[in-house]
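See structure below.
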Amino acid sequence: MRRVLSPVPIAILCVVLALVALLAYGLSQNEPDRSVEDALARGELEQAPALELPKLSGGGKGSLADYRGEVVVLNFWASWCPPCRDESPLLQRWHRRIANAGGTVLGVDALDVTGDAEEFIDEFDLTFPMLKDRDGVAMEEYGVAQLPETFVIDRDGRIRAVRRGPVDEAFMRSEVAPLLEGA
Amino acid sequence: VRRVAALAAALVALLSAAPIALAQDCPRTTLGDIEDEVMCPVCGTPLGLATEAPQAQQQREYIQRLIDDCRSKDEIKQALVAQFGEEVLALPGDEGDDDLGDVLVYVIPALGIVLAAGGIAFAVVRWRGAGSRGGGPAPAGAADSTRVDTDMERYDL
């Protein structure tokens with residue numbers, strides 16, 4: 001008993017416990033925020049976080065509030081992200097499809113070199129509005145942990161659906177199209 | 001005529017030397033020098049440690065373009081901040097004007113190491129002191145030795 005309670009093992013134990021606590025803290029901090037999915041699973045609709053960012057090109061700022069009353073397909077992407085290349089033609093097609101029905105795709109180019117992003121936009125002839133999240137602050141607000149990720153926001157500014165990964169035709173049909181009906 | 005020819009020759013020599021001098025100043029830094037001092041924002045590590053991430057690859061290409069464009073290290077860091085924000089800088093002294101914060105980044109870990117080492121040394125000294133003050137077994141006396149000898153004889157060992 002005396003050996004166990006001597007100061008050196010206690011000091012070593014304290015150091016080990018401190019390291020374990022530090023590791024646990026680090027892991028918990030890296031855990032992506034999934035509150036939106038949790039709310040959707042409970043059948044609740046969360047208000048989309050406010051978003052105000054510089055426009056990718058042309059100067060000035062843009063915000064989610066600019067599209068109040070519209071259905072917004074908020075897409076986080078970057079030019080260096082291979083799956084973003086795959087989904088871009090689909091997003092452009094859907095932007096054209098919904099633009100006259102009170103909807104829009106809103107792109108957020110995150111953690112990217114502006115020149116490369118502009119080349120990407122030219123390559124895929126993207127015409128939907130683009131904002132720039134240069135340091136990933138908006139990504140954090142929305143709990144975006146990987147790119148691309150897409151949030152479907154209804155006319156009241158509530159998040160209706162989330163796709164962590166590239167969107168496909170089935171997702172757009174099931175999550176976006178119904179919000180535009182009756183417009 | 002001779003004077004004009006000499007002047008023309010000097011002018012030609014000067015013009016041909018200028019690009020060489022410029023070329024000698026370029027590149028003004030290297031990718032290896034910069035990538036240890038900036039972060040890969042997506043990876044959360046210094047760029048030098050981020051090997052396969054696509055964003056790290058893009059960042060390296062961007063830096064290389066600026067190096068080829070004869071930009072200095074500081075200019076390249078400023079360009080990276082314009083693209084990715086202050087968080088892209090890996091060295092504390094590079095970020096903003098927070099001098100106190102920059103000093104604390106170095107002082108606090110050093111202080112922690114000194115305190116931990118001091119605590120462990122203190123614990124070791126106390127532990128050894130406790131051992132030498134009577135923690136160990138008492139030395140065998142004459143009676144004990146006699147008894148051991150008797151037992152050994154009895155068991156014929």
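All values reported here derive from a predicted model rather than from experimental measurement.
Using modelled atom types and a 3.5 Å distance limit, the side chains of A:Glu119 and A:Ser79 yield no donor-acceptor pair. B:Asp74 and B:Gln78 share no donor-acceptor pair across their side chains, judged by distance under 3.5 Å alone.
Ranked by heavy-atom pairs under 4.5 Å with chain B, the first of A:Asp135, A:Asp112, A:Leu147, A:Ile12 is A:Asp112.
Neither the backbone nor the side chain of A:Asp133 comes within less than 4.5 Å of any heavy atom of chain B. Proximity to chain A is limited to the side chain of B:Tyr62, based on heavy atoms less than 4.5 angstrom apart. With a 4.5 angstrom heavy-atom cutoff, B:Ala82 touches chain A only via backbone atoms.
Between A:Ala138 and A:Leu53, the closest heavy-atom pair is CB-CD1, 3.9 Å. Closest approach of A:Arg34 and A:Gly143 over heavy atoms only: NH1-O, 3.2 Å.
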